[in-house]
Amino acid sequence: MQGCLEEAVKVLRKAGIVTPRLDAEVLLCHVLHVDRTQLLMRGHSLLTDRELRSFRQWVARRKLNEPVAYIVGEKEFWSLSFYVNRHVLIPRPETEILVEEVLRILPGIEHRPARIFEIGIGSGAISVALAASQENMQMVATDISSEAIAVARLNAAKAGVAERIQFFVGSLFADLPGVFDVIVSNPPYISDEEFLSLPDDVRKFEPSEALLGGSEGISLHREIINGGSQYLEAGGYLIMEIGAGQRRRLEGLLLQSGSYANISCRQDYAGFDRVILARRI
Ligand code: GLN
């Protein structure tokens with residue numbers, strides 16, 4: 001086992017993969033159905049031919065920059081395991097800040113259960129994390145991709161929260177009836193120019209429709225800000241993930257719309273503005 005692990009590390013390093021050892025270990029753990037501690041304890045035990053074949057195939061895919069999460073079909077978010085495939089963006093750790101912010105404002109919402117609407121659910125990371133953390137809420141979620149909705153449904157079922165989320169395939173607000181206390185979204189926010197400089201892992205493998213937000217990267221935010229005012233209860237919150245450097249422009253759009261006040265922003269662990277919040281007047 002040690003030998004083939006070292007061989008994989010070498011192959012990945014040579015291919016320019018930034019974290020060759022970590023990636024090789026994670027791939028091998030999934031082939032053997034063990035965690036990393038168990039993997040290290042196995043030391044020099046041998047792999048079966050089948051295990052070895054699978055491992056080498058996976059290493060070959062990683063060598064071509066396919067993200068580990070797509071190869072193993074799994075990514076951890078909010079301490080839950082999410083199934084992922086190429087129809088959905090791989091959940092990013094910084095998106096947990098979006099979940100934290102929704103959970104932080106929930107106790108102040110008068111309507112019980114709180115009505116939450118997620119636009120662009122993707123793998124379901126945000127809605128499922130919320131539904132798993134807080135029973136007293138009603139979630140509605142949309143995505144323009146029916147394949148993404150299928151993944152999100154599966155993840156909701158996996159986490160045991162399927163009954164707490166209603167799913168709709170459709171663009172943005174999908175003509176939903178009703179009003180909400182919170183609208184939350186991690187819309188695509190990469191500008192056309194930025195897209196070209198993204199690492200191959202992201203640019204070549206993740207769904208571009210979940211990444212590209214128009215020439216400046218904020219087209220979807222703009223539509224959510226404008227459309228959201230009709231769907232938010234007075235005093236309700238709009239909470240969106242944003243790209244580094246988009247804060248000022250989005251604050252401008254929120255103020256210009258005349259429907260929002262109390263605008264604030266939270267930074268991610270790298271110090272970039274990452275989540276913007278505003279309240280419906
Ligand atoms: N944070 C993602 C990235 O860096 C982008 C997510 C998005 O566009 N919503 O690739």
Side-chain angles (χ1 to χ4, degrees), residues 1-96 121-126 128-129 132 143 145-162 195 197-211:
M1 190 202 85
Q2 209 60 38
C4 68
L5 184 62
E6 291 311 321
E7 175 194 304
V9 174
K10 233 188 274 171
V11 168
L12 295 181
R13 182 173 295 125
K14 210 168 144 214
I17 300 295
V18 189
T19 49
R21 179 162 303 273
L22 174 68
D23 292 4
E25 285 182 7
V26 173
L27 292 175
L28 191 50
C29 282
H30 276 82
V31 167
L32 301 176
H33 305 289
V34 298
D35 64 26
R36 279 180 80 205
T37 323
Q38 290 166 326
L39 181 76
L40 299 178
M41 276 167 28
R42 275 185 64 147
H44 290 278
S45 65
L46 291 177
L47 264 61
T48 65
D49 283 348
R50 220 173 124 183
E51 288 166 345
L52 191 59
R53 232 185 357 258
S54 306
F55 182 52
R56 288 199 171 132
Q57 274 167 9
W58 281 6
V59 170
R61 284 167 67 180
R62 182 68 191 120
K63 192 179 147 190
L64 298 174
N65 290 307
E66 183 169 349
V68 172
Y70 288 150
I71 300 173
V72 302
E74 188 194 4
K75 180 72 184 179
E76 191 184 300
F77 179 85
W78 201 257
S79 302
L80 294 165
S81 156
F82 284 85
Y83 166 71
V84 289
N85 64 25
R86 288 184 64 177
H87 295 294
V88 297
L89 203 71
I90 299 165
R92 309 289 202 263
E94 58 269 27
T95 301
E96 292 188 353
I121 187 173
S123 67
I126 298 164
V128 170
D143 202 291
S145 152
S146 56
E147 288 98 344
I149 292 279
V151 172
R153 271 187 203 281
L154 195 143
N155 284 321
K158 237 173 112 181
V161 298
F195 185 70
S197 57
L198 288 179
D200 280 357
D201 301 40
V202 181
R203 196 167 41 86
K204 291 197 176 147
F205 290 93
E206 298 203 73
S208 55
E209 59 277 22
L211 290 165

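Positions are given from 1, in the same order as the sequence printed here.
Within 6.0 Å of the NZ atom in K63, the count of heavy atoms belonging to other residues, nucleotides or ligands does not exceed 12.
One finds the CD1 atom of I17 at 11.5 Å from the CG atom of L22 (value rounded to the nearest 0.5 Å). With values rounded to the nearest 0.5 angstrom, R36 atom CZ is found 14.5 Å from M41 atom CE. A distance of 10.5 Å separates CZ of R153 from OG of S146, quoted to the nearest 0.5 Å. Note that CZ of R86 is 13.0 Å distant from CD of E147, once rounded to the nearest 0.5 Å. The CZ atom of R203 lies 6.5 Å from the CZ atom of F195; values are rounded to the nearest 0.5 Å. To the nearest 0.5 Å, atom CG of residue N85 and atom CD of residue E74 are 13.5 Å apart.
The existence of a salt bridge linking K75 and E206 is excluded, since no basic side-chain nitrogen approaches an acidic carboxylate oxygen closer than 4.0 Å. Between R56 and E51 there is no salt bridge, since no side-chain N of the basic residue sits under 4.0 Å from a carboxylate O of the acidic one.
The shortest distance between side-chain heavy atoms of P91 and V84 falls below 4.5 Å. When side chains are defined from C-beta on, L40 counts as touching E25, because their heavy atoms get closer than 4.5 Å. Looking at V72 and L27, their side chains come closer than 4.5 Å, going by heavy atoms from C-beta outward. With a 4.5 Å cut-off on side-chain heavy atoms, D23 and V9 do not count as touching. Residues L28 and L47 form a side-chain contact, since some pair of their non-hydrogen atoms from C-beta on lies under 4.5 Å apart.
I126 approaches F77 most closely through the heavy-atom pair N-CE2, 4.4 Å. Nearest heavy atoms, A8 versus A24: CB-CB, 4.1 Å. Considering every non-hydrogen atom in both A152 and I121, the closest pair reads CB-CD1, 3.8 Å. The two residues P207 and Y70 come nearest to each other via the heavy atoms CD-OH, 3.5 Å. For the pair L154 and Y83, the tightest heavy-atom approach, listed with the atom from each and the gap, is CD2-CB, 3.8 Å.
Between the R62 side chain and the E66 main chain, a donor and an acceptor come within less than 3.5 Å of each other. In this structure, N155 contributes its side chain and F82 its backbone to no donor-acceptor pair below 3.5 Å. In this structure, D201 contributes its side chain and P67 its backbone to no donor-acceptor pair below 3.5 Å. For D143 (side chain) and I149 (main-chain N/O), no donor-acceptor pair under 3.5 Å exists by modelled atom type. Side chain of R92 to backbone of I90: a donor-acceptor contact under 3.5 angstrom is found. At distances below 3.5 Å, at least one donor-acceptor pair connects side-chain atoms of Q38 with backbone N or O atoms of D35.
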